[in-house]
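Because the structure is predicted, anything quoted here is derived from the model rather than measured. Starting from 1, each residue takes its place in the sequence as its number.
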Amino acid sequence: MSSPGVQLHIQKHHVVMDNGIVQVTLSKPDGIVTGIRYNGVDNLLEVLNKETNRGYWDLVWSAPGVKGGFDVIKGTCFEVIVQNEDQLELSFKRMWDHSLEGKYVPLNIDKRFILLRGSSGFYSYGIYEHLHGWPDFDLTETRITFKLRKDKFQYMAMADNRQRIMPFPEDRMPGRCQPLAYQEAVLLVNPKDPRLKGEVDDKYQYSCKNIDNKVHGWISFSPSVGFWQITPSDEFRSGGPFKQNLTSHVGPTTLAIFLSGHYAGQDLVPKWRGGEPWKKVFGPVYIYLNSGSTGDDPLVLWEDAKIKMATEVQSWPYLFPASEDFLKPDQRGNINGRLLVLDRTINSGPEQT
């Protein structure tokens, strides 16, 4: 049987994308993911959080010489870009003008969300644009954040040899932990799960090189459900293949990091000066959901997520994003060759491959 067509339900303050497998609810016109319904679970996101603190794009920016500010990106204009039985693509834009100077980063930001027929998940990408003559600024970080239900998701996986039962967020509160050298690191002294007593929790323990950071996420044992963030390409992430970035950590939180100064500092913070124009597409990334049958080993969801990740990597660059700023396969080229690097610190010869 063919899968049902994709449907869009537009409400007063929300829009709902539904393909019969997954149902994604977003606030309108903000473009915040407030709900993900899947496999009989009404919402995989943390229902105890405010709607604005569940699934969102965010950034850290500053004017030159000014301390940076954190901004959850909320759209002001909602638009349906593609709507048919095979695909939905929605746009949530926030446009900038000089009346907003100092309040918001001087960027036009267009957040896109895509749901395809038969897809057990959804895609998201963003288009950032700085027009000629707009104010100078620094962009320290931008990413997508998902905060999942702590009563469901307690097992995190990011590699075959890096997966485990995770502490609860309450385990990082006073009385259950001891602060260590910096605020992200704590010693668990009275965790809710006594098996974790004496361990250190620190989100930087789960950092990963971009080249290896293609799939990570969480598993719920009851019901057996996986929530996975798949990044099919490195082309839109800063720092190159060996740059480290955060993945998933206690929350339960899952991140898709596009640009970050972590492990590098100011050298990897883009700085716009002299009214320089700029435009960039971040993503798409894929939020993949899978499930298992009662009695099955829930860890098979990780194996399935790896298979799905490989399929997404092979499908890059995607054909379906509607924005003309995302270049399709027939608009791209390839380069092959040998790169010779002159390294004066090596005595064995002037050229090293």
Side-chain angles (χ1 to χ4, degrees), residues 33 36 41 43-56 58 60 67-70 72 140-141 143-210 212-213 215-229 243-257 260-265 292 297-302 305:
V33 184
I36 301 174
V41 181
N43 199 345
L44 302 181
L45 303 181
E46 182 52 86
V47 294
L48 299 179
N49 288 2
K50 294 181 179 179
E51 285 196 344
T52 53
N53 190 28
R54 296 180 185 176
Y56 53 86
D58 65 48
V60 177
K67 185 179 179 180
F70 177 76
V72 172
T140 304
E141 182 176 274
R143 64 187 187 177
I144 308 175
T145 300
F146 289 98
K147 298 185 176 180
L148 311 182
R149 287 178 60 161
K150 64 184 179 182
D151 64 333
K152 300 288 185 186
F153 294 96
Q154 286 138 29
Y155 192 91
M156 188 270 286
M158 54 170 293
D160 289 336
N161 61 348
R162 299 177 75 184
Q163 49 184 270
R164 56 165 293 173
I165 294 286
M166 294 289 283
F168 287 88
E170 292 86 352
D171 293 335
R172 296 181 54 87
M173 301 298 290
R176 292 193 177 273
C177 73
Q178 175 184 327
L180 297 177
Y182 50 95
Q183 64 179 2
E184 290 84 2
V186 297
L187 176 66
L188 304 178
V189 295
N190 184 29
K192 296 178 70 174
D193 184 340
R195 295 174 296 175
L196 304 182
K197 184 177 181 179
E199 294 192 8
V200 171
D201 180 65
D202 176 359
K203 66 181 181 180
Y204 296 111
Q205 291 174 317
Y206 308 108
S207 295
C208 180
K209 295 176 182 177
N210 283 339
D212 300 319
N213 186 1
V215 57
H216 60 89
W218 295 80
I219 294 173
S220 164
F221 292 155
S222 181
S224 181
V225 169
F227 184 103
W228 309 103
Q229 193 273 302
K243 166 73 166 64
Q244 291 196 75
N245 274 312
L246 298 173
T247 58
S248 292
H249 59 263
V250 167
T253 299
T254 288
L255 303 174
I257 300 228
S260 166
H262 284 128
Y263 301 101
D297 181 358
L299 299 187
V300 301
L301 300 180
W302 164 248

- Step by step, would you call E141 with F70 a side chain to side chain contact (heavy atoms under 4.5 Å, CB included)? CA-CA 9 Å; E141 182 176 274; F70 177 76; 5.6 Å; no

- M166 vs Q154, side chain to side chain contact (heavy atoms under 4.5 Å, CB included): CA-CA, chis, key distance, verdict: CA-CA 6 Å; M166 294 289 283; Q154 286 138 29; 6.0 Å; no

- Residues forming a ring-ring contact (aromatic ring centres under 6.0 Å, His included) with W228, sequence neighbours excluded: W302

Roughly how far, to the nearest 0.5 Å, is [atom2] of [Y] from [atom1] of [X]?
{"X": "D171", "Y": "K192", "atom1": "CG", "atom2": "NZ", "answer": "7.0 Å"}
{"X": "I219", "Y": "D297", "atom1": "CD1", "atom2": "CG", "answer": "8.5 Å"}
{"X": "R164", "Y": "Y155", "atom1": "CZ", "atom2": "OH", "answer": "10.0 Å"}
{"X": "H216", "Y": "F227", "atom1": "NE2", "atom2": "CZ", "answer": "10.0 Å"}
{"X": "S207", "Y": "D212", "atom1": "OG", "atom2": "CG", "answer": "12.5 Å"}
{"X": "K203", "Y": "T253", "atom1": "NZ", "atom2": "OG1", "answer": "9.0 Å"}

- Quick one: which of V186, L188, L187, V200 gives a side-chain contact (heavy atoms from CB on, under 4.5 Å) with Q178? L187

- Task: Evaluate the side chain to side chain contact (heavy atoms under 4.5 Å, CB included) criterion for residues F153 and L44: first the C-alpha distance (whole Å), next the side-chain angles of each, then the deciding distance (0.1 Å), finally the verdict.
- Result: CA-CA 9 Å; F153 294 96; L44 302 181; 4.1 Å; yes

Throw together a table of side-chain donor-acceptor distances under 3.5 angstrom for residues 47-55, partners on residues two or more places apart or in other chains.
residue	atom	partner	partner atom	Å
N49	ND2	N53	O	2.9
E51	OE1	H14	NE2	3.0
E51	OE2	H14	NE2	3.3
N53	OD1	K147	NZ	2.8
R54	NE	E46	O	3.3
R54	NE	N49	O	3.2
R54	NH1	T34	O	2.9
R54	NH2	V47	O	3.4
R54	NH2	N49	O	3.0

- Looking at side-chain heavy atoms only, is the closest gap between E170 and K150 below 4.5 Å? yes

Where do [X] and [Y] come nearest, in terms of heavy atoms and distance?
{"X": "S224", "Y": "L301", "result": "OG-CD1, 3.5 Å"}
{"X": "D202", "Y": "R172", "result": "N-NH1, 4.4 Å"}
{"X": "R162", "Y": "Q205", "result": "NH2-O, 2.6 Å"}
{"X": "R176", "Y": "N190", "result": "NH1-O, 2.7 Å"}
{"X": "K243", "Y": "A264", "result": "CE-CB, 4.4 Å"}
{"X": "I257", "Y": "R143", "result": "CA-CB, 3.9 Å"}

- Query: So Y204 and Y263, would you call those rings parallel, tilted or perpendicular, with 30° and 60° as cut-offs?
  - Reply: perpendicular

- Task: Check step by step if side chain to side chain contact (heavy atoms under 4.5 Å, CB included) holds for F221 and I165.
- Result: CA-CA 11 Å; F221 292 155; I165 294 286; 3.8 Å; yes

- Message: Given 3.5 Å as the limit, does a donor-acceptor pair link the side chain of T247 with the main chain of Y206, or not?
- Response: yes

